[in-house]
Amino acid sequence: MKHTDIKPITDPSRPQVYIETYGCQMNVNDSEVVLSILQDAGYALTENIEEATLILANTCSIRDNAEQRIWGRIDQFRLQKKTRPEVIIGILGCMAERLKEKLLEKVDLVAGPDSYRDLPQMLQAIRPDRPQINVLLSHEETYADISPVRLDKNGVSAFISIMRGCNNVCSYCVVPYTRGAERSRDPHTIVNEAKTLWKNGYKEVTLLGQNVDSYFWKDEHNSSNNTNFAQLLEMVAKIDPALRVRFSTSHPKDISDEVIYTMAMYDNICKHIHLPVQSGSSTMLEKMRRKYNREWYLERVRKIRSVIPDCGITTDVIAGFSGETEQDHQDTLSLMEQVVFDSAFMFAYSERPGTLASKRYPDDIPYELKTQRLNEIIELQGKMSFKSNFNEIGKQLTVLVEGPSKKNPDELCGRASNNKMCVFPSMGEKAGDYCTVEVVSVTSATLICKRVEEQL
Ligand code: 5AD
Ligand code: SF4
């Protein structure tokens with residue numbers, strides 16, 4: 001591993017880079033890899049755009065509104081050039097990969113998710129009339145040897161990418177086109193990265209992949225070293241019992257009993273699974289090419305709860321996919337009521353150019369109806385979140401302190417193992433400490449807790 005500092009270099013004598021990150025947690029971690037590469041090339045990080053000679057946006061294409069927001073930001077970045085024509089503006093990530101040359105009308109640098117090692121060379125080659133672009137996708141790149149420079153603020157929780165790309169073909173989704181084919185990273189580099197974080201005071205790592213359950217490392221020389229996701233989880237969990245391990249995202253078609261049992265075996269593997277369902281209608285799931293149906297999903301939830309009764313389960317839901325009938329929509333609502341998800345990310349379907357759905361299935365649910373269905377889903381989830389939180393009242397939970405609560409500086413906030421946000425009175429602990437608390441009341445977003453005296 002290259003030995004760059006784990007925290008950003010802020011040195012005003014170096015050229016300054018400013019980075020904005022949009023989209024998923026994977027993008028946050030990619031920005032950390034990018035910063036590591038740029039620091040090695042002589043740059044230092046600034047949070048003040050007016051000081052930056054290099055302005056980067058690491059972008060997301062998942063829905064049209066994500067891209068529209070970024071177009072707006074690009075226009076704002078360009079204002080910097082009015083007074084400082086030497087400023088370089090670069091677009092990284094999924095939107096770079098999707099739009100390619102189209103972005104060159106507005107920016108100087110376009111770099112797709114697999115081209116970040118090339119950034120120093122591209123930056124050197126940029127001239128006013130010679131913008132640079134690299135949107136090649138790779139079958140091998142995992143940035144395994146690059147130690148990300150950590151951009152989190154509190155030094156408690158960090159992301160580790162365990163794989164890149166995606167081999168699923170969900171018909172609505174642009175990710176396989178923007179991030180390329182799936183590839184897994186050498187497990188030893190993952191464990192080493194987690195150990196480095198632990199040595200630097202981090203208490204929680206989140207293993208990231210588009211579909212972590214299909215993580216698989218094939219050792220070319222010795223097949224007994226082949227590693228699946230359950231085995232990787234165990235390797236990371238064994239680093240230290242006080243290092244919490246989380247992971248995201250699981251795919252309902254691939255999450256294995258072995259993963260569920262491994263979670264149950266280790267206290268420090270957090271009891272939370274993000275399991276996007278997308279729809280409760282088997283007809284929609286088939287058209288979405290999710291490769292499971294409603295019954296399969298409900299069986300996986302039953303299995304998780306039978307092995308890990310307190311497991312937090314969260315989800316993603318899409319409202320108004322092509323051809324969605326009122327009955328399909330009702331199926332989504334009834335599934336949500338049946339499962340009682342702890343929380344959910346909920347979206348209106350946004351057709352993405354180039355996807356299978358954009359070629360085969362018309363985006364035929366009118367805007368008003370999509371919005372209405374989305375609102376019904378959001379309203380129901382509010383009730384379900386409250387219901388699931390209400391069930392926590394009276395329970396004792398171990399919370400990893402993130403810092404002062406936003407509303408009241410005399411209180412602390414942090415997450416329980418099941419990923420629920422807790423607030424409770426401070427007794428002087430700091431970020432990274434563990435506290436035992438008891439839930440006394442709840443809202444749909446938070447558990448309000450009291451302190452539990454430690455048993456002597
Ligand atoms: N429109 C709306 N939501 C989408 N997602 C992915 N693609 C689309 C799309 N075209 C949602 C899915 C996925 C989450 C990351 O984003 O719910 O799980
Ligand atoms: Fe992440 Fe998908 Fe957005 Fe790319 S398109 S940044 S993979 S959420």
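Atoms within a ligand are numbered from 1 in the order they appear, just like the ligands themselves.
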*Could you tell me how the ring of Phe347 sits relative to the ring of Phe345: parallel (under 30°), tilted (30 to 60°) or perpendicular (over 60°)?*
parallel
*So, for Ala96 and Gly112, which heavy atoms are closest and what is the spacing to 0.1 Å?*
CB-N, 4.2 Å
Sub-4.0 Å atoms of ligand 1 with respect to non-hydrogen atoms of [X]:
| X | value |
| --- | --- |
| Tyr172 | 6 (C), 7 (N), 8 (C), 10 (N) |
| Ile318 | 3 (N), 4 (C), 5 (N), 12 (C), 17 (O) |
| Arg352 | 10 (N) |

_Gly320, Ser350, Cys24: member with heavy atom nearest to atom 9 (C) of ligand 1_ = Ser350
Without swapping roles, check the side chain of [X] against the backbone of [Y] for a donor-acceptor pair under 3.5 Å.
| X | Y | answer |
| --- | --- | --- |
| Asn293 | Ser282 | no |
| Asp108 | Ile88 | no |
| Ser405 | Cys413 | no |
| Glu141 | Tyr143 | yes |

Minimum-distance protein heavy atom relative to [atom]:
| atom | result |
| --- | --- |
| atom 11 (C) of ligand 1 | Arg63 NH1, 3.3 Å |
| atom 14 (C) of ligand 1 | Asp316 OD2, 3.4 Å |
| atom 17 (O) of ligand 1 | Gln278 OE1, 2.6 Å |

*For Tyr266 and Glu234, does a side-chain donor sit closer than 3.5 Å to a side-chain acceptor?*
yes
*Which of these, Tyr349, Tyr297, Tyr172, Tyr292, sits in a side chain to side chain donor-acceptor pair (under 3.5 Å) with Gln278?*
Tyr172
_Is there a polar contact, in the sense of an N or O pair closer than 3.5 Å, between Glu351 and ligand 1?_
no
*With heavy atoms only and a cut-off of under 4.0 Å, state how Ile62 meets ligand 1: side chain, backbone, both or neither.*
both
*Exactly which residues line ligand 2, taking a heavy atom under 4.0 Å from it as the test?*
Cys24, Asn27, Thr59, Cys60, Ser61, Ile62, Cys94, Val175, Arg179, Gln210
*For Gln372 and Glu368, run side-chain hydrogen bond (donor to acceptor under 3.5 Å, both in side chains): C-alpha distance rounded to whole Å, both residues' side-chain angles, the deciding distance at 0.1 Å, then the answer.*
CA-CA 6 Å; Gln372 186 194 320; Glu368 292 72 26; over 6 Å; no
_Does Asp254 form a side-chain hydrogen bond (donor to acceptor under 3.5 Å, both in side chains) with Asn211? I'd like the steps, not just the answer._
CA-CA 8 Å; Asp254 293 320; Asn211 174 3; 2.9 Å; yes
*Is Ala348 in contact with ligand 1, taking contact as a heavy-atom separation below 4.0 Å?*
yes
*asked:* Within this structure, what is the CE-NE2 distance for the pair Met263 and His272, rounded to the nearest 0.5 Å?
replied: 8.5 Å
